[in-house]
Amino acid sequence: MNYSKEVDKKWQGKWKKEGLYKYNPDNKKEKFYTMEMFSYPSGAKLHLGHWFNFAPADSFARFKKMQGYNVFHPMGFDAFGLPAENYAIKTGIHPEDSTRKNIETMKRQLEEMGGSYDWDYSVETCMPEYYKWTQWIFIQLYKAGLAYKKKAPVNWCDSCKTVLANEQVIDCKCERCGTVVKRKKLDQWFFKITDYAEELLEGLKDLDWPESTKKVQVNWIGKSKGTEIIFKGENNEYQFKVFTTRPDTVFGVTYVVLAPESAIVQKITTEDQKEVVEKYIENTLKLNEIDRLSTEREKTGVFTGSYVINPVNGEKVPVWIADYVLEEYGTGAVMAVPAHDTRDYAFAKKYNLPIKEVVIPKDDEDYELPYTNYGKLINSGKYTGLTSEEAKKMITKDLSEKNKGQETINYRLKDWLVSRQRYWGAPIPIINCEKCGTVPVPEKDLPVLLPYDVEFTPDGESPLKKSKEFMECTCPNCGRKATREADTLDTFVCSSWYELRYPDAKNTEKAFDRQTIDKMAPVDVYVGGKEHAAMHLIYVRFMTKALRDLGYLDFDEPFKKLIHQGMILGPDGNKMSKSKGNTVSPDEYIDQYGADVFRMYIMFGFDYRKGGPWDDKGIDAMSKYFSRIERLVETVTNELKDIPSNDEIGLKEKELLRVKNQTIKSMTEDIEDFRFNTAIARNMELLNSINTYIRDNDKMNKNLLIEVIEDFIRLLSPLAPHFSEEMWEQLGKAQSVYEEEWPKVNEAQLTGGTKEIPVQVNGKLKMCVSVDAEASPEKILTAIKSDSKVKELFNQYDVQKEIYVPGRIYNLVVKN
RNA sequence: GCCGAUGUGGCGGAAUUGGUAGACGCACUGGACUCAAAAUCCAGCGGGAAACCAUGUGGGUUCGAGUCCCACCAUCGGUACCA
């Protein structure tokens, strides 16, 4: 085989020299904006996962370009984040240095992959030119009331004196020192994403996104309609609201439960219960949310010593606290109806609390407690006899008329916590002044630069707090001495608007120009992992809507179509990780086979949406496929050079043309839908047909053959860009194959010949009848029924019914 | 736990969306070429002698189910400070 890494180098050099992938915004062709989720430069090199995401997506972009679009296909780096900081703490290498180095390496490797990116349109989120505008966006949100500060819990390690990320907490302990992690409340910045909950939910309907991802978002937003009911203390000395989706069961309330961390707990706990309550709260703070919400774990709780009055019937019920109630969801308080809720039932049984039935099945069927379905009401005063549906409405209406409750829509979605007590991120552009409070940094003073020389080893303070030069400043309002906000922004903030920056990546005046972005947006196809279904993909939608409302752009959704690539696992079937020792590096394969063999192999060997365990058994075969193509090109350009062409179109020619057109049709549909494995299978079939044509033909139509081979290379070129250029050149072409048009289907040449119609008896295949493929369905039926073997079936069986799916299948229903 | 996926030959994977299960390829077997090997080319290739049996398991709907419904098992992703 001649194809190798050297061929890659040759063409990469030419492409660069000729500026083949330069994006021209003034091009009159229709725009097509496609991008992949940019990568985090944590390792020094591109790994297999990057290749699997980027190489096929790059082939897709090339395909769209050949189809005649003005393709915009940018690439960048999500460069801030925890791993670089942790790496620095471990090795002493500054995050900026390691990140810069990694980006350079990865950029080079993306070129070696054959990526058709224009690096003039690129973003690196850790560069001041970029994060200046991340900060600017923060300020716009702040001014609009969409960024605010409140106290919120973090994972805190007492021994390391630092905030821990969830992934640094193993079994409730710090991964570094093993100390049990506590929940500690700190002042934190939030974005008011909940203001957009309804629109984020509604907007999903019109998106060309995987249904599974839409479902994840629907559930993440978690809309539920219900009623807030006010419970007051015996003497009106305190009150709180509970949220319930089952107001019809309110007569069955036998106790209420508060989240242990709620402030009101301190107020209402009686003297003799104080000790147990305090102890219980302390234990709760050690648990994470997943454990707290687990329905598997045994429910626990303690009595506060206080009582509240049920507003519908005046009954006095005890107030408990339990860790399965979360402060952040709903009102942080629930009414417990043990007779009609599984969790409350188990809790009541355990602590000997009363159980009061208020709903029974509508049609008096047998039931067991807890009975959680809708039914009709009993023991419910004037509501007795109503159905659950009727009672829900009535009770809610009556409560709200007496100001004792109201109908509410509750969302599971929480506001987006954007503060990080870390170094390697964009500084939050806020100044804290004793007199003026929180003051945004004036836009002319942006960016707030992240200082290089900072002690970022953990010791209880945000790293930036330790930099005097950074912290000290004057208040832009009153001119007094003030201090800067020491926290940095969540990296998800950086990645929530990067698709807006790409088309205008070098703008020094604005984050992005409105006209430019309105023309380019939305992104036509966005490709990335489904692990981002809930967070990144909601944040970026929120940001688009917020910036729209602030008047900076004029569209509602950032990504029209979304594709998730699967994940390549280690050869052992587990997720690749250094600790498991099952990582596979693409580098050796590229050295040995060249980038295109590798690209083709990963596209052919896996379902793009599914991925799977790595296995290199078939890579030699792909290399052989390239050799077969080389031999074919060699044959037509040398051996057949002097043979005269027979320009007749006979049966064999018609068959070759049919296969060619079918290949064009299938490959076009397949690549459009990211089905690269079947696209390549069809490409292989065309090669087989071409070779068969040459083998079985001493009088071949050489002109036709060459035409077919040229289309074959065009079809291959987005998938194997370097190799196809080489073949194209050998066919005597001067211009890049990338400048060629994608072949079009000639409908007239698409059909012909015969096809097999399966004949079944009771759904079981008995035989096939060969018919003219172009005949009408009626004629085909006549042909089937006149077949002697089919006639025989009628003698053999007692035929009750015939089922004919026109042109597809013929089935006889018979009596046994 | 909750939410979302996935499960098809020895292997990677196809299947016109309810209509011939196993396209394309790997591995394997036989043959041609060769002194021989490699490469290449040709043929075969789910199981079974056949009737038939086969798409994680068990039910169901249907003339017909890999595809739809119910229950279960296994694996993977996310679960709000990994990105």
Side-chain angles (χ1 to χ4, degrees), chain A residues 37-40 42 78 80-83 86 154-155 163-169 188 193 210-220 222 288-297 324 328 412-422 490-492 495 529-536 538-539 564 566-567 569 573-575 601 604-607 609-613 615 617-622 624-625 627-628 631 666 669 675 677-685 688 691 695 756-768 800-803 805 808-814:
Chain A
M37 288 181 187
F38 60 175
S39 60
Y40 179 74
S42 63
D78 190 14
F80 277 136
L82 187 62
N86 285 341
V154 293
N155 301 313
V163 174
L164 298 177
N166 288 339
E167 72 161 7
Q168 295 176 299
V169 182
Q188 311 254 42
I193 191 170
E211 283 308 314
S212 59
T213 302
K214 290 191 192 180
K215 276 186 204 161
V216 167
Q217 294 214 347
V218 167
N219 293 325
W220 189 265
N288 64 36
E289 237 166 73
I290 293 173
D291 288 337
R292 285 176 66 170
L293 288 175
S294 169
T295 49
E296 202 91 313
R297 203 172 55 97
Y324 67 84
E328 283 136 10
R412 203 190 72 102
L413 184 71
K414 294 189 273 194
D415 273 341
W416 175 11
L417 196 168
V418 297
S419 296
R420 296 292 181 271
Q421 291 71 43
R422 307 198 185 279
D490 177 10
T491 55
F492 277 126
S495 58
K530 54 176 156 280
E531 64 274 19
H532 291 292
M535 301 175 71
H536 164 62
I538 285 193
Y539 294 147
H564 294 310
M567 192 187 285
L569 307 168
N574 292 307
K575 199 172 171 176
Y601 177 63
F604 182 59
F606 302 87
D607 175 340
R609 287 179 169 75
K610 223 168 85 191
D615 180 355
K617 270 197 215 116
I619 196 163
D620 271 320
M622 187 52 77
K624 283 177 188 169
Y625 182 60
S627 304
R628 289 178 67 199
R631 279 199 301 276
S666 314
E669 290 165 1
R675 292 190 305 253
N677 52 349
T678 48
I680 293 171
R682 298 290 95 83
N683 189 258
M684 288 172 166
E685 281 171 348
N688 289 343
N691 279 333
R695 174 163 52 90
E756 303 277 293
I757 304 294
V759 176
Q760 300 179 333
V761 173
N762 284 348
K764 276 185 184 158
L765 181 72
K766 289 292 167 192
M767 54 192 279
C768 285
Q800 305 283 308
K801 201 174 157 190
E802 294 167 51
I803 289 166
V805 182
R808 295 284 279 278
I809 199 159
Y810 182 68
N811 186 23
L812 297 177
V813 184
V814 306

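Just so it is clear, the structure is predicted and the values come from calculations on it, not from any experiment. Reminder, nothing fancy here: chain letters follow the sequence lines and each chain counts from 1.
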Looking only at side-chain N and O atoms, does [X] come under 4.0 Å of OP1 or OP2 in [N]?
X        : N     : answer
A:Asn677 : B:G25 : no
A:Lys215 : B:G77 : no
A:Lys764 : B:C53 : yes
A:Thr491 : B:A83 : yes
A:Asn688 : B:G25 : yes
A:Arg412 : B:U79 : no
A:Asn219 : B:G4  : yes
A:Arg808 : B:U17 : yes
A:Asn683 : B:C24 : no

Paired stretches of RNA chain B - 3 or more consecutive Watson-Crick or G-U pairs, each distance under 3.5 Å: B:1-7 with B:73-79, B:10-12 with B:24-26, B:28-32 with B:40-44, B:56-60 with B:68-72

Under 4.0 Å between any heavy atoms, over every strand shown, what does [X] touch: base, sugar-phosphate, or nothing? Just pick one.
X        : value
A:Gln188 : base
A:Ala533 : nothing
A:Arg292 : nothing
A:Lys214 : nothing
A:Val154 : base
A:Leu413 : base
A:Trp220 : base
A:Val805 : base
A:Val169 : nothing

A:Glu328 CD - B:U79 C1' separation (whole Å): 13 Å

If we only count heavy atoms from C-beta on, is the [X] to [Y] side-chain gap below 4.5 Å?
X        : Y        : result
A:Arg675 : A:Asn677 : yes
A:Lys766 : A:Leu812 : no
A:Thr491 : A:Tyr40  : no
A:Gln168 : A:Asn155 : no

N/O donor-acceptor pair, side chain [X] with base [N], under 3.5 angstrom:
X        : N     : value
A:Glu802 : B:C63 : no
A:Asn811 : B:C63 : yes
A:Arg422 : B:C81 : yes

Chi class for B:G25: syn within 90° of 0, otherwise anti: anti

Syn-anti status, with the boundary at 90° from 0, for the nucleotide B:U75: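 B:U75: anti.
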
Nearest-Å distance once atom C1' is located in both B:C70 and B:A51: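 Looking at atom C1' only, B:C70 and B:A51 are 33 Å apart.
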
5' precedence on RNA chain B between A:Asp615 and A:Asp620 (nearest-nucleotide basis): A:Asp615

